[in-house]
Amino acid sequence: MTSPNESSSSSPRKLVPQQELTADPNYVNPEEKLSGNAIDDYSRAMKKIVFSDDMKHLPYVPCARGALMYGIASGLGIGMIRYMTGGVRKAGNYAVGTFVFVALTSWKLCRSDREEDIATQRMIAEKYPERNARYAKSRYEAALAAKREEELKMKGEETKAD
């Protein structure tokens, strides 16, 4: 499975469009500048939203799958319980409300836990650079090079002694 930033061999089109990098941090694409007419600006922004593309990216959004599963299960459960004690309309309202609340809450909690984990990983990588794989590989290669040089010096001394 490829990430949304990678192009797959079956589809030459990239899923996430890449923006040009500029030296000016305040650069705004001329097509994206506001015209001053709020209705026109809003309609242009809404035309850029493509629901099907958002759904294609959903599996790549961290924590989205788990949050949706919790929301669906809890909304279904609460809706069924409410249906047994009340009408269909009330059950539907409770189910949708529970789905939205649980899905958003679990997504937020998962994202905050993920951010803490990433911060901890960064801190460990900065504190213990010798545990970094690239750093360890470069140390290993440097040790090999030093060993080769030492062997060459030893061979050079042996030939001089003869």
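Side chains are part of it too, since the values below use all heavy atoms of this structure and drop only hydrogens, waters and symmetry mates. Quick caveat: nothing in here was measured; it's all calculated off a predicted structure.
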Undergrad: Quick check for you: to the nearest 0.5 Å, what is the distance between Ser52 atom OG and His57 atom NE2?
TA: 9.0 Å

Undergrad: Check this for me: Ile118, atom CD1, are more than 12 non-hydrogen atoms of other residues, nucleotides or ligands nearer than 6.0 Å?
TA: yes

Undergrad: Going from CD on Gln121 to CE on Met123, what distance comes out if it is rounded to the nearest 0.5 angstrom?
TA: 10.5 Å

Undergrad: Enumerate donor-acceptor pairs with a distance under 3.5 Å from any side-chain N or O in residues 140-154 to protein atoms, sequence neighbours excluded.
TA:
none

Undergrad: Are the side chains of Asn37 and Tyr42 in touch, meaning some heavy atoms are under 4.5 Å apart?
TA: no

Undergrad: Nearest 0.5 Å please: distance from the CZ atom of Arg122 over to the OG1 atom of Thr120.
TA: 10.5 Å

Undergrad: How far does CG of Asp117 sit from CD of Glu115, to the nearest 0.5 angstrom?
TA: 10.5 Å

Undergrad: Begin with the C-alpha distance, continue with both residues' side-chain angles, and end with the deciding distance and a verdict on side-chain contact (heavy atoms from CB on, under 4.5 Å) for Phe99 and Leu68.
TA: CA-CA 8 Å; Phe99 164 75; Leu68 287 173; 4.0 Å; yes

Undergrad: Measure across Gly79 and Ala95 and return the closest heavy-atom pair with its distance rounded to 0.1 Å.
TA: CA-CB, 3.8 Å

Undergrad: Taking all heavy atoms of Trp107 and all of Pro62, pick out the closest pair and write down the distance.
TA: NE1-O, 3.4 Å

Undergrad: Could you name each residue pair satisfying disulfide bond (SG atoms under 2.5 Å apart) that touches residues 56-86, not counting sequence neighbours?
TA: Cys63-Cys110

Undergrad: Working to the nearest 0.5 angstrom, can you tell me the gap between Ile81 CD1 and Thr85 OG1?
TA: 8.5 Å

Undergrad: Please say yes or no: joined through hydrophobic side-chain contacts below 4.5 Å, possibly via intermediate residues, are Val100 and Tyr70 part of one cluster?
TA: no

Undergrad: Does some side-chain heavy atom of Ile72 sit less than 4.5 Å from a side-chain heavy atom of Val102?
TA: no

